[in-house]
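Just so it is clear, the structure is predicted and the values come from calculations on it, not from any experiment.
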Amino acid sequence: MAIPNGAYTNVRVYAINHGPGSLANPPANGTALGGTFSTGPFSPNDLPSTETKFWYKITATDAAGHSVEFVPLKCIHAGGTSDFQE
């Protein structure tokens with residue numbers, strides 16, 4: 001399922017196969033554009049991994065107030081704001 005463009009709130013990022021980073025302080029907001037979901041801030045010592053062996057799940061609330069889930073996603077950029085794609 002393609003990630004719909006838009007703004008999201010209540011964003012949570014989960015490592016689904018024991019990836020690094022506890023992601024204990026999850027971001028609160030995110031934006032999707034062109035199939036990339038960007039969210040942050042992540043602290044420098046608690047980042048998702050861009051290694052291709054790790055996968056993530058994102059749960060969020062869309063602009064219409066619906067709970068959504070995107071899985072499996074790869075982290076393509078890890079930083080204060082991290083980017084994920086299917």
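- Among residues two or more places apart in sequence or in another chain, the side chain to side chain contact (heavy atoms under 4.5 Å, CB included) test is passed with Thr81 by Ser38, Asp83.
- Put simply, CH2 on Trp55 and CD1 on Ile16 are 7.5 Å apart, with the number rounded to the nearest 0.5 Å.
- Among residues two or more places apart in sequence or in another chain, the side chain to side chain contact (heavy atoms under 4.5 Å, CB included) test is passed with Ala63 by none.
- With a 4.5 Å cut-off on side-chain heavy atoms, Pro48 and Phe54 do not count as touching.
- Taking the side chain to side chain donor-acceptor pair (under 3.5 Å) definition, one finds that Thr36 meets it with Gln85, sequence neighbours left out.
- A single hydrophobic cluster is not seen to contain both Tyr14 and Val71; linkage of ILVMFWY side chains at heavy-atom distances under 4.5 Å, directly or through other members, places them apart.
- Of the residues Asn10, Thr9, Val68, the one that meets the side-chain contact (heavy atoms from CB on, under 4.5 Å) test with Asp62 is Val68.
- Under the side chain to side chain contact (heavy atoms under 4.5 Å, CB included) criterion, Leu33 pairs with Asn5, not counting sequence neighbours.
- Using a 4.5 Å cut-off on side-chain heavy atoms (C-beta onward), Leu73 and Glu86 make contact.
- In this structure, the separation between CG on Asn29 and OG1 on Thr39 is 7.0 Å, given to the nearest 0.5 Å.
- Closest non-hydrogen pair, Thr50 versus Ala78, comes out as CG2-N, 3.7 Å.
- Note: Phe42 and Phe84 have tilted aromatic rings, judged against thresholds of 30 and 60 degrees for the angle between ring planes.
- Here His77 contributes atom NE2 and Leu47 contributes atom CG; the two are 9.0 Å apart, rounded to the nearest 0.5 Å.
- The two residues Ala2 and Pro4 have their closest heavy-atom pair at O-CD, 3.2 Å.
- In this view, Tyr8 and Phe37, Phe70 satisfy the ring-ring contact (aromatic ring centres under 6.0 Å, His included) rule, not counting sequence neighbours.
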